[in-house]
Amino acid sequence: MSTPNVPNITPTISLTRDQAINLLLASIAMEELGLAHIINAEGEKIQYAVGTLSTSPGTRYTLKEILAVNESARDMLDSVFREEMALESKLKQVLKLIQDEPDGCK
């Protein structure tokens with residue numbers, strides 16, 4: 001088997017400081033949006049399990065099954081909480097960059 005032939009790619013990316021900060025803020029916003037979708041899905045999962053979601057009339061689950069759904073949602077929300085903490089730290093760093101803006105770069 002021969003070694004792969006990888007072409008030498010050296011892209012040139014030119015961003016201003018403001019553009020880089022805007023990209024960082026956009027990435028935080030997109031991650032927050034993704035987490036919001038996860039939280040919504042977990043809520044719908046619980047609603048379905050307890051029979052309050054309109055798509056599940058007459059569906060009955062045992063207490064054991066409902067507790068399993070609850071544990072699953074709790075585990076997922078724990079992960080979401082940890083990700084929120086990381087995003088808060090990232091946002092604080094970006095805000096620090098904005099506040100430490102050098103003179104003449106406005």
Side-chain angles (χ1 to χ4, degrees):
M1 187 164 131
S2 64
T3 59
N5 186 6
V6 180
N8 183 12
I9 300 173
T10 53
T12 303
I13 299 173
S14 177
L15 292 175
T16 66
R17 184 177 193 280
D18 287 344
Q19 289 171 327
I21 289 172
N22 286 338
L23 285 172
L24 289 169
L25 290 171
S27 74
I28 293 169
M30 294 299 290
E31 287 185 65
E32 290 287 358
L33 182 61
L35 293 176
H37 285 291
I38 291 171
I39 292 168
N40 185 60
E42 292 303 309
E44 287 181 358
K45 180 169 62 174
I46 291 170
Q47 286 177 319
Y48 186 85
V50 297
T52 59
L53 195 63
S54 61
T55 58
S56 61
T59 305
R60 298 281 183 209
Y61 291 98
T62 66
L63 179 60
K64 184 177 181 179
E65 290 170 326
I66 291 172
L67 290 174
V69 168
N70 186 63
E71 182 179 359
S72 170
R74 185 178 56 238
D75 291 345
M76 179 58 69
L77 291 176
D78 183 56
S79 296
V80 168
F81 174 71
R82 280 187 254 125
E83 182 63 23
E84 284 288 350
M85 289 176 42
L87 286 175
E88 180 185 22
S89 176
K90 185 176 178 180
L91 180 60
K92 284 179 181 178
Q93 293 298 316
V94 173
L95 291 175
K96 202 175 189 182
L97 284 174
I98 293 170
Q99 291 170 352
D100 295 342
E101 198 169 298
D103 294 334
C105 293
K106 295 198 180 201

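We count residues from 1, following the sequence as given.
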>> Taking side-chain contact (heavy atoms from CB on, under 4.5 Å) as the definition, give me every residue that meets it alongside I21, ordered by chain and number, with sequence neighbours left out.
In response: R17, L25, V94, L97, I98
>> Test of understanding: with side-chain contact (heavy atoms from CB on, under 4.5 Å), list the residues that count as partners of Q93, not counting sequence neighbours.
In response: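 For Q93 the side-chain contact (heavy atoms from CB on, under 4.5 Å) partners, ignoring immediate neighbours, are K96.
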Working to the nearest 0.5 Å, report the span between [atom1] of [X] and [atom2] of [Y].
{"X": "D75", "Y": "N70", "atom1": "CG", "atom2": "CG", "answer": "9.5 Å"}
{"X": "N40", "Y": "L35", "atom1": "CG", "atom2": "CG", "answer": "12.5 Å"}
{"X": "I28", "Y": "L33", "atom1": "CD1", "atom2": "CG", "answer": "14.0 Å"}

Are [Y] and [X] linked, directly or through intermediate hydrophobic residues, by side-chain heavy-atom contacts shorter than 4.5 Å (ILVMFWY only)?
{"X": "Y61", "Y": "V50", "answer": "yes"}
{"X": "I38", "Y": "L87", "answer": "yes"}
{"X": "L91", "Y": "L24", "answer": "yes"}

> When you check the gap from the basic side-chain N to the acidic O, do D78 and R74 get nearer than 4.0 Å?
Replying inline: no
Closest approach of [X] to [Y] (non-hydrogen atoms, all atoms of both residues):
{"X": "A73", "Y": "I46", "answer": "CB-CD1, 3.7 Å"}
{"X": "K45", "Y": "S72", "answer": "NZ-OG, 2.8 Å"}
{"X": "S27", "Y": "K90", "answer": "OG-NZ, 3.0 Å"}

> Excluding sequence neighbours, so at least two apart, what forms salt bridge (charged side-chain N to carboxylate O under 4.0 Å, His left out) with E65?
Replying inline: none
